[in-house]
Number of protein chains: 2
Amino acid sequence: MGNRHTSLKDLARELKVSISTVSRALKDHPDISREMKEKVKQLALARKYSPNPLAMGLLKQETRMIGVIVPDLVTHFYASIIAGIESFAKEKGYFILLASSNESYEKEKESIENLLKARVEGLIICMSQETRETSHFKSLLAENIPLVFFDRVCLQDQVSSVTADNTDASKKITRHFAEQGYRRIAFISGPEQLNISRERLAGYIAGLESCQLPVDADLIEQCNLSHDSARQAMNRLLNLPNPPDAVFGINDTVAFAAMKEIKRHQLQIPNDMGLVGFTDEFHATVVDPPLTSITHPTYEMGVEAARLFFDQLNSKQSPKTVTLKTRLVVRESSDKAR
Amino acid sequence: MGNRHTSLKDLARELKVSISTVSRALKDHPDISREMKEKVKQLALARKYSPNPLAMGLLKQETRMIGVIVPDLVTHFYASIIAGIESFAKEKGYFILLASSNESYEKEKESIENLLKARVEGLIICMSQETRETSHFKSLLAENIPLVFFDRVCLQDQVSSVTADNTDASKKITRHFAEQGYRRIAFISGPEQLNISRERLAGYIAGLESCQLPVDADLIEQCNLSHDSARQAMNRLLNLPNPPDAVFGINDTVAFAAMKEIKRHQLQIPNDMGLVGFTDEFHATVVDPPLTSITHPTYEMGVEAARLFFDQLNSKQSPKTVTLKTRLVVRESSDKAR
DNA sequence: AATTTTTCCGCAAAGCTTTCCGCAAAGCTT
DNA sequence: AAGCTTTGCGGAAAGCTTTGCGGAAAAATT
């Protein structure tokens, strides 16, 4: 069983020198003679020596692990962000430990505890949609544990975070709809405790107002971001006495659910009903018709989150807020002209 | 900075007892008096003591980490499998360290090395499509490092693996097409070094033969599983003097690419061209028309892979092969009757 | 030739946990 | 009361690495 890996001790024994000599030889310490260095390095290579990260961690009090908590693991949106975090972390020689909250507040807290027990050096988190209360985050701050939020954020003055330009982007969507001739533009939002809901709603309203379109409370629906709940929301919109002629879904899942429901009602997209989402490249092009959307720069969001994390880790700087520019990509789902 | 976490030493000092007493008290060792146990446990709770996994790892020579290597991180297929692995591993108190090969043989080898340096206790791998040579896996076996393959496998007699019932499933697809009245059934395969390509091709052919349909080499295309390459393959099929009336795509990406290409050629699915894929529930229902497919039990595949991993870890058993039953779910893309 | 400097390497501690021994005191037996 | 067992705890080692300090031998100096 046991010892698969070569240790300094093994090398030292074989060369009949002390452990410290081996250690220093490998690090080109000036105290060690050239011949000794070569002998040691050669044997180290032959025995495939690599320092034991556990011992190093114990000594240096660092684990080179980052905890990442996402609402779920399977959505392309999060998967892509994780890929971004991972690539940046790898550059720095860090690994990521993944946990999923399954959109549950309890599991979120539990995951934080587990990751801390595993001695991650800090956390990068996208809050669960259930989370209304922030004391578990505050206690991280109190213990000076590096923390970064992405996409869904809170405590913005105290925690570094990276988000999309939600308000701006939503405003662009509404204006785009208006330019295409849509007049009754609906918005399917998410839980109001989420900043993305609030910000995208604000942009939606600002967009309407800038086009002199009325804000109709009937056209603002809410869902819990699940597929079913989004379908129900869309269904309510379609059953309105005066239904919308365009819908803006707050994210991927919602946009897809809305699309299915619209089709089920035998309505044509984009002619009977315009549809725009807030998704990434991949999903927008796989559906039919291709979805006009604000393309969420997911991979980049991951990279930025990781960058902010290392800023925190290296020097206790004051929290930074990074806002990623998005762009509106017009595809068939909102393009009456075609 | 430094020491955020309470150690046994901290507790011992505060209680003015020895470290070993504290350790034993927490583990209910019979040598320790009831009162002492209570005092210790109470303080441990108050100070939020949790054992340092690095120290434990050093002592027990175990890191409680599993390395997982997938061809990419963002595909729903792999994300879902990873979720399955993760949930089983968490039960056992293990974490997973994720790495992506990006379908590259070199990166696969590199990832293996990195994960071993990080001292994972073993590996769960889905080979990159480039991998033709297996010496890097064999050296894992030689060092007795637990190894499990999923979906794409090799060295089957030496390594535990979990796959879908590829041949059977493919046979079902061909027969289903035949029953629907399709006669010229094409197959877009992947790289031939992958078992999934070979097995699904075998099933496809067996299905044709069992229906007394001829096997036409023109109708068997190959691609490298990328979107573009799959589109090109589909395009070649469509430009055949005698094109197919149905297509079986070897996986998600291929099926979607084929769908786009069919639409681009103004053909109707399922009437002009039947289409069936080998995908999971999610993707099959998000496209239009909904895709008939063999639903790949992805999450379960992850769970099984993890289970096999722990079998290996706990007792050096001989390698097991788990084959997961799939089912054919008929949706619109191959259902002329509707 | 004697002394100082340089060169090269070993010792030991720290970081944290578990566990085998050992040891003292208390309780028991006869 | 003397000798035994039991009870309850402390010491130390092992697992692996880095690094300050001390020390011996070789080289250089006077």
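Numbered from 1 within each chain, the chains take letters A, B, ... in sequence-line order.
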| task | Please work out which of the three classes, parallel, tilted or perpendicular, describes the rings of A/His296 and A/Phe77, given edges at 30° and 60°. | result | tilted
| said: At 4.0 Å (heavy atoms only), tell me whether B/Ile32 reaches a base, stays on the sugar-phosphate, or touches nothing. | reply: sugar-phosphate
| Which value, rounded to the nearest 0.5 Å, describes the distance between B/Lys9 atom NZ and B/Thr6 atom OG1? | 13.5 Å
| task | Write down the distance between NZ (A/Lys27) and P (C/dC8), rounded to a whole number of angstrom. | result | 20 Å
| request: Tell me what B/Ser20 touches on the nucleic acid: a base, only sugar-phosphate, or nothing, going by heavy atoms under 4.0 Å. | output: base
| request: Calculate the interatomic distance between A/Lys9 atom NZ and D/dT17 atom C1'; express it in whole Å. | output: 12 Å
| query | Through what angle, rounded to 10 degrees, does the axis of the helix from C/dA1-D/dT30 to C/dT30-D/dA1 turn between its ends, using five pairs per end? | reply | 70°
| query | Is any side-chain N of the basic residue among A/Lys320 and A/Asp311 closer than 4.0 Å to the acidic one's carboxylate O? | reply | yes
| message | Using side chain to side chain contact (heavy atoms under 4.5 Å, CB included), reason through A/Met65 and A/Glu121 one step at a time and then give a plain yes or no. | response | CA-CA 6 Å; A/Met65 297 196 300; A/Glu121 293 183 30; over 6 Å; no
| query | Stepwise, does the side chain to side chain contact (heavy atoms under 4.5 Å, CB included) test hold for B/Lys90 with B/Ser87? | reply | CA-CA 5 Å; B/Lys90 181 191 258 176; B/Ser87 86; 5.8 Å; no
| query | NA contact type, B/Asp31, heavy-atom cut-off 4.0 Å: base, sugar-phosphate, or nothing? | reply | base
| request: May I ask you to verify whether the side chain of B/Arg119 and the base of D/dG15 hold a donor-acceptor pair under 3.5 Å? | output: no
